[in-house]
Each structure stands twice: as C-alpha cells, then as structure tokens.
Amino acid sequence: MSRTGDLVFNGGELLEDQAGAGAALTFTFASEMDLIWVSASGGVGRADPFGGTPTSTKGVYIASGAAVPCPVQATVVKVFANAGTTISVWGFRFG
C-alpha cells in the first residue's frame with residue numbers, strides 16, 4: 001500500500017506509450033483502475049474513459065505536455081491522437 005497526498009492506493013499500473021496515428025488508440029489495464037491519468041507529448045489528445053471512442057473534436061482534452069486525471073472506474077480508455085503525438089496512460093487502484 002502506498003500513499004499519495006491524502007489518498008491511499010493499493011497499486012497501480014503503467015501502460016506502454018503509444019504513438020498517435022490520427023485515430024483512437026486503445027489502452028487496456030489488467031484490472032479496473034479507480035483513477036486514470038493520460039498525458040500527451042508532441043501534440044494534443046482527446047480521451048474517453050467512459051467506453052466511447054474519442055475523435056479530434058470529442059473527448060477529454062489533453063494539452064501537449066499536460067497530464068489529465070480521469071477519476072472513473074475503468075479497465076479500458078481510448079485516446080485520439082494525431083501522428084507525432086505520444087500518449088502515456090497510467091492508473092491507480094484505491095483501497
């Protein structure tokens with residue numbers, strides 16, 4: 001068990017970075033996460049941790065160089081990113 005601020009989490013998972021290709025990328029965790037973070041580098045992204053498919057105009061906006069928290073319980077998150085953008089995703093399980 002680890003502590004971050006006032007939140008206690010039982011574990012987490014780091015997923016492999018993926019390169020954008022002008023379409024939605026799929027990131028899948030081994031088990032359900034309680035808090036998912038998404039970051040974009042070299043361009044912007046749009047995330048949908050609610051089961052939909054993001055597009056260039058729909059989804060949670062991720063600015064280049066920023067990390068955005070998605071406080072939802074999910075195993076899969078999809079992220080739209082153009083070529084030249086690297087997307088990183090990681091998550092926490094709370095207990």
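Owing to the predicted nature of the structure, the values given are computational and were not obtained by experimental measurement. Scope of the values below: all heavy atoms of this structure, side chains included, with no hydrogens, waters or symmetry mates.
The minimum heavy-atom distance linking Asp34 with Gln73 is given by the pair OD1-NE2, 2.9 Å. For the residue pair Ser64 and Val44, the shortest heavy atom distance occurs at N-CG1, 4.0 Å. Taking each heavy atom of Ala47 and Pro54 in turn, the nearest pair found is C-CB, 4.3 Å. Summarising the geometry of Ala40 relative to Gly45, their closest heavy-atom pair is CB-N, 4.1 Å, with the distance given to 0.1 Å. Between Val89 and Ile36, the shortest heavy-atom distance links the atoms CG1-CG2, 3.9 Å. Closest approach of Pro69 to Leu35, counting heavy atoms only: CB-CD1, 4.0 Å.
Val79 and Val68 fall within a single hydrophobic cluster, where Ile, Leu, Val, Met, Phe, Trp and Tyr are joined by side-chain heavy atoms under 4.5 Å apart, directly or via other members. Phe94 and Trp37 fall within the same hydrophobic cluster, defined by Ile, Leu, Val, Met, Phe, Trp and Tyr side-chain heavy atoms under 4.5 Å apart, directly or through other members. Phe29 and Val38 fall within the same hydrophobic cluster, where Ile, Leu, Val, Met, Phe, Trp and Tyr residues are linked whenever their side-chain heavy atoms come under 4.5 Å apart, directly or through other members. In the hydrophobic cluster analysis, where Ile, Leu, Val, Met, Phe, Trp and Tyr join through side-chain heavy atoms closer than 4.5 angstrom, Val60 is grouped together with Leu25. Following chains of ILVMFWY side-chain contacts shorter than 4.5 Å, one can reach Leu15 starting from Ile87, so the two form part of one hydrophobic cluster.
In this structure, Lys78 NZ and Thr53 OG1 are separated by 3.5 Å, a value rounded to the nearest 0.5 Å. Within the model, atoms OG1 of Thr55 and CZ of Arg46 stand 7.0 Å from one another, a figure rounded to the nearest 0.5 Å.
Looking only at atom types and distance, the side chain of Asp17 has a donor-acceptor partner in the side chain of Ser88 under 3.5 Å away.
Distance alone, capped at 3.5 Å, places no donor-acceptor pair between the Gln18 side chain and the Thr86 backbone.
Between Phe50 and Cys70, the closest side-chain pair of non-hydrogen atoms is not below 4.5 Å. Counting heavy atoms from C-beta on, the side chains of Glu13 and Met33 come closer than 4.5 Å.
For Ser56, the side-chain contact (heavy atoms from CB on, under 4.5 Å) partners at least two apart in sequence or on another chain are Phe80. Applying the side-chain contact (heavy atoms from CB on, under 4.5 Å) test to Ala63 and every residue at least two apart in sequence or in another chain returns Tyr61, Ala66.
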Before giving the answer on side chain to side chain contact (heavy atoms under 4.5 Å, CB included), spell out for Val76 and Thr26 the whole-Å C-alpha distance, their side-chain angles and the decisive distance to 0.1 Å.
-> CA-CA 7 Å; Val76 174; Thr26 301; 3.8 Å; yes

